[in-house]
A.B. asks: 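Here it is, the structure, as structure tokens.
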Amino acid sequence: YPCVMQVRGPPGIGKSSLARRFVASVASDGYLTLATRCHSRESVPFAALDALVDQLAREWRAGTNESMPYDEAVALRRAFPVLEAIEASPRSVQRARAGSEDELRLRQVAGQGLRRLIQATSRGAPFVLWIDDFQWADADSARLLGEILAPPDAPKVVLLITSRETLSPHLLSEVTSGGRVDCTTVELGPLSASDTLAMAMSLVEPSADGRAIAIAAEASGHPFFVEVLARSFAEDLPSNAQAPSSLDAAIRLRIEHLAPELRQVLTAVAVAGQPIPQAVAVRAARSSADSGAIRALCARSFLRVASGQVVEPYHDRIRDVLYEALEPTARTTWHESLAAAFEGHGSGGPEVLAHHYFLAEKFVPARSYAIEGADRANRALAFDRAAELFALARRAEARTETATPALAGRHAEALFSARRGREAAEIFLDIAIGAGSPDEAAESQQRAISSYFIAGHVASGLGVLEPLLVRAGIDIPRSEE
């Protein structure tokens, strides 16, 4: 301990099913376990850790009597408001300034506090954390996980991540703390012919052996394809419907034979890109559908209840197939409907609204919501998230032809705080070019130089610094070869 276990493979190959069985098995052996998942579009900072932090908060309230060092408590409360009840030891710290190196330290302290919280609530027992669809994890969560797992004195955590083959090497490097945490990767491939046939036979009527053989031959060892084909046969699709030759074709065939109002609701959930309230899905669908449509789609395994009144596609491949089939104008219309539905329901955070308004080509509200979301991420010390949202705000602003140096500067500061110094420096240099006075230009150039140096790009920093020194009449010392 600690260690990272990665299960990797294409969509629908069975990664989640395998991980689910593993987690259930170790839970029955007395291990502490927690499962969560990422989504292609997230609405909160540190989204990959949201469920973990909620569980830690419940455990803490249920009987942990320890106090936490004051600076760690302050940092944790800021990053995760649900931890507001954590008791801090009586010690004062200087309040960190936004965008400063003090704030970077506060972000590191939050990682130390979360590590301490895991150790206290698990009481030294091994802990298994499963994060599904990790290819969509946010960089802030990955970095924080790496800090929690990094030696020395790390908690006894087994981090199980399931992901598509598209997982960024950068994310894996972050979560393993640059290779300091052991990582084992399992590549999941197709089922054997005999296992594929056995699965197909378990999903069809006992009298339909011939159908099971046909399904197994068509599915080529792909478990979700077996399931979709079996459902297609069970739904008695038209006899003249051509047998699908791929998983995507099988999904499209099932969708095409849905009633129009059901297809509208399913499309709304797919375009959302994350679990959404049922009421939002029905409102965005702009049809006669009601909550009965949700129940019908769940019964036919097009949707599933994520929690409470929140739904999501039964499988991400359903979402992908639906979204890819939409024409660009249809996508724009759907994003606008979802933005209005979220706004009307009051359940969409600024990040969600910014995303949908931008893709709906409504750039003024997109800019406003993106800035609001970026400010929220900055307050939570989720600097990568803040940088992404400031970038979105700048793209929206550019489409309104009202670009401002102030917004560019805030974007650069967020990148600097996210330890993306080269990107920050390049923006600072752009600001310097358009500065209104020599003093403003010099200030931006100085920020660019420090960003380059702190990020380790010394040659780039010197490339900016040396001309400034020459203009100031300062001799540049040269080493003798």
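Bear in mind the structure is a predicted one, so any value in this text is a computation, not a measurement. This chain uses plain numbering: 1 for the first residue, then up along the sequence.
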A.B. asks: Can you tell me how the ring of His315 sits relative to the ring of Phe224, calling it parallel under 30°, perpendicular over 60° and tilted otherwise?
C.D. replies: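 Answer is parallel, since the angle falls under 30°.
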
A.B. asks: For residues 172-190, which residue pairs qualify under salt bridge (Lys or Arg N to Asp or Glu O under 4.0 Å), counting only residues two or more places apart or in two chains?
C.D. replies: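 Applying salt bridge (Lys or Arg N to Asp or Glu O under 4.0 Å) to every pair that reaches into residues 172-190, excluding sequence neighbours, yields Arg8-Glu187, Arg143-Glu174.
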
A.B. asks: Hey, does the side chain of Lys15 reach the backbone of Gly9 with a donor-acceptor pair shorter than 3.5 angstrom?
C.D. replies: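 Answer holds: yes.
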
A.B. asks: Working to the nearest 0.5 angstrom, can you tell me the gap between Arg319 CZ and Thr267 OG1?
C.D. replies: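 It is 12.5 Å, given to the nearest 0.5 Å.
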
A.B. asks: For the residue pair Ala48 and Ile131, what are the closest heavy atoms and their distance?
C.D. replies: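 That closest heavy-atom pairing would be O-CD1, 4.0 Å.
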
A.B. asks: Residues in salt bridge (Lys or Arg N to Asp or Glu O under 4.0 Å) with Arg410, at least two apart?
C.D. replies: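 Arg410: salt bridge (Lys or Arg N to Asp or Glu O under 4.0 Å) contacts with Asp375.
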
A.B. asks: Give a yes or no answer on whether the side chain of Ser417 reaches the backbone of Glu413 with a donor-acceptor pair at less than 3.5 Å.
C.D. replies: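 Checked: pair present.
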
A.B. asks: Short question: side chain of Ser173, backbone of Pro169 - any donor-acceptor pair under 3.5 Å?
C.D. replies: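 Side chain of Ser173 to backbone of Pro169, a donor-acceptor pair under 3.5 Å: no, none is there.
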
A.B. asks: With no hydrogens and no angle check, just 3.5 Å: does a side-chain donor-acceptor pair link Tyr357 and Glu343?
C.D. replies: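 Yes - a donor-acceptor pair under 3.5 Å links their side chains.
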
A.B. asks: Check whether any side-chain N or O of Arg78 sits under 3.5 Å from a backbone N or O of Arg379 as a donor-acceptor pair, and report yes or no.
C.D. replies: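 Flag set: sc Arg78 to bb Arg379 pair under 3.5 Å.
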
A.B. asks: Hey, could you give me the CD/CG distance between Glu312 and Leu303, rounded to the nearest 0.5 Å?
C.D. replies: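 Spacing of CD (Glu312) from CG (Leu303) equals 9.0 Å.
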
A.B. asks: State, to 0.1 Å, how close Ala396 and Phe358 come at their nearest heavy-atom pair, and which atoms those are.
C.D. replies: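 Scanning both residues completely, I find the closest heavy atoms to be N-CE1, 3.7 Å.
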
A.B. asks: Are the side chains of His411 and Ile427 in touch, meaning some heavy atoms are under 4.5 Å apart?
C.D. replies: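 Yes - at least one pair of side-chain heavy atoms lies under 4.5 Å apart.
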
A.B. asks: Would you call Glu72-Arg77 a salt bridge at under 4.0 Å N-O?
C.D. replies: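 Salt bridge: no.
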
A.B. asks: Please tabulate, one pair per line, all N/O donor-acceptor pairs under 3.5 Å involving side-chain atoms of residues 347-356, not counting sequence neighbours.
C.D. replies:
unit_1	atom_1	unit_2	atom_2	d
Ser347	OG	His345	ND1	2.9
Glu351	OE1	Arg376	NH2	2.6
Glu351	OE2	Arg376	NE	3.2
Glu351	OE2	Arg376	NH2	2.9
His355	NE2	Arg41	NE	2.5
His356	ND1	His335	ND1	2.9

A.B. asks: Asp140 side chain to Pro45 main-chain N or O, any donor-acceptor pair under 3.5 Å?
C.D. replies: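 No.
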
A.B. asks: Counting only heavy atoms not in Asp29 (residues, nucleotides, ligands), do more than 12 fall under 6.0 Å from its CG?
C.D. replies: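 Counting neighbours around CG of Asp29, more than 12 heavy atoms of other residues, nucleotides or ligands fall under 6.0 Å, so yes.
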
A.B. asks: Do Phe80 and Phe46 have ring centroids that are under 6.0 Å from one another?
C.D. replies: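 Here the rings of Phe80 and Phe46 have centres that are less than 6.0 Å from each other.
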
A.B. asks: Would a 4.5 Å heavy-atom cut-off, applied to side chains only, mark Ile251 and Arg317 as touching?
C.D. replies: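 Yes, side chains in contact.
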
A.B. asks: So does Arg385 pair up with Asp138, basic N to acidic O under 4.0 Å?
C.D. replies: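 Salt bridge between Arg385 and Asp138, a charged N being under 4.0 Å from a carboxylate O: no.
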
A.B. asks: Is any side-chain heavy atom of Trp130 closer than 4.5 Å to one of Thr33?
C.D. replies: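 No - every pair of side-chain heavy atoms lies 4.5 Å or more apart.
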
A.B. asks: Under 4.5 Å between any side-chain heavy atoms of Leu18 and Val7, yes or no?
C.D. replies: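 With C-beta onward as the side chain, the pair touches.
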
A.B. asks: Are a donor atom and an acceptor atom from the side chains of Arg58 and Gln55 found within less than 3.5 Å of each other?
C.D. replies: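 Yes, a side-chain donor-acceptor pair sits under 3.5 Å.
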
A.B. asks: So does Arg447 get a backbone contact from the side chain of Ser450, meaning a donor-acceptor N/O pair under 3.5 Å?
C.D. replies: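 Pair found, side chain donor or acceptor close to backbone of Arg447.
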
A.B. asks: How far does NZ of Lys156 sit from OH of Tyr31, to the nearest 0.5 angstrom?
C.D. replies: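 Separation between the atoms: 9.5 Å.
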
A.B. asks: Look up atom CG in Leu129 and atom CG in Leu159, then write down how far apart they are to the nearest 0.5 Å.
C.D. replies: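 It comes to 5.5 Å.
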
A.B. asks: Does a side-chain heavy-atom distance below 4.5 Å link Leu49 with Leu144?
C.D. replies: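 In contact.
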
A.B. asks: At their closest point, which heavy atom of Pro155 faces which heavy atom of Ile118, and how far apart are they?
C.D. replies: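 Smallest heavy-atom distance, with atoms named: CB-CG2, 3.9 Å.
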
A.B. asks: Answer yes if the side chains of Gln6 and Thr184 hold a donor-acceptor pair under 3.5 Å, and no otherwise.
C.D. replies: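 The answer is no; no qualifying pair exists.
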
A.B. asks: Determine the minimum heavy-atom distance between Leu171 and Ala139, stating which atoms define it.
C.D. replies: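 Residues Leu171 and Ala139, closest heavy atoms: CD2-CA, 4.0 Å.
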
A.B. asks: Any donor and acceptor pair, going by atom type alone, linking the side chain of Glu423 with main-chain N or O of Ala412 inside 3.5 Å?
C.D. replies: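 No: the side chain of Glu423 does not pair with the backbone of Ala412.
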
A.B. asks: Count the heavy atoms belonging to other residues, nucleotides or ligands that lie under 6.0 Å from CD of Glu147, then report whether that count exceeds 12.
C.D. replies: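 Yes, the 6.0 Å shell around CD holds more than 12 heavy atoms from other groups.
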
A.B. asks: Is it possible for you to check whether Arg422 lies under 6.0 Å from the centre of the six-membered ring of Tyr452, through NZ or CZ, and within 45° of that ring's axis?
C.D. replies: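 No.
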
A.B. asks: Look up atom CZ in Phe134 and atom OG1 in Thr36, then write down how far apart they are to the nearest 0.5 Å.
C.D. replies: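 Result: 11.0 Å between the selected atoms.
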
A.B. asks: Side-chain contact test, heavy atoms from C-beta onward, threshold under 4.5 Å: evaluate it for Phe342 versus Pro277 and give yes or no.
C.D. replies: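 A side-chain contact exists here, since the closest heavy-atom pair is under 4.5 Å.
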
A.B. asks: Within this structure, what is the OG-CG distance for the pair Ser40 and Asp133, rounded to the nearest 0.5 Å?
C.D. replies: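 Going from the OG atom of Ser40 to the CG atom of Asp133 covers 9.0 Å.
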
A.B. asks: Tell me, do Val228 and Leu247 make a side-chain contact under 4.5 Å, heavy atoms counted?
C.D. replies: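 Sidechains of Leu247 and Val228: in contact.
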
A.B. asks: So which heavy atom on Arg116 is nearest to which on Pro69, and how close?
C.D. replies: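 Of all heavy-atom pairs spanning Arg116 and Pro69, the closest is NE-CD, 3.5 Å.
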
A.B. asks: Where the side chain of Thr162 meets the backbone of Ser16, is there a donor-acceptor pair that is under 3.5 Å apart?
C.D. replies: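 Flag not set: sc Thr162 to bb Ser16 has no pair under 3.5 Å.
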
A.B. asks: Is there side-chain contact between Ile371 and Leu389, with heavy atoms separated by less than 4.5 Å?
C.D. replies: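 No; the side chains remain at least 4.5 Å from each other.
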
A.B. asks: Any donor and acceptor pair, going by atom type alone, linking the side chain of Glu397 with main-chain N or O of Arg367 inside 3.5 Å?
C.D. replies: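 Checked: no pair found.
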
A.B. asks: Could you check whether Arg471 pairs with Glu466 (Lys NZ or Arg NE/NH1/NH2 to Asp/Glu carboxylate O, under 4.0 Å)?
C.D. replies: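 Result for this pair is no, no salt bridge flagged.
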
A.B. asks: Treating Ser444 as the side-chain partner and Ala441 as the backbone partner, does any N or O pair qualify as donor plus acceptor under 3.5 Å?
C.D. replies: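 Side chain of Ser444 to backbone of Ala441: no pair is present.
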
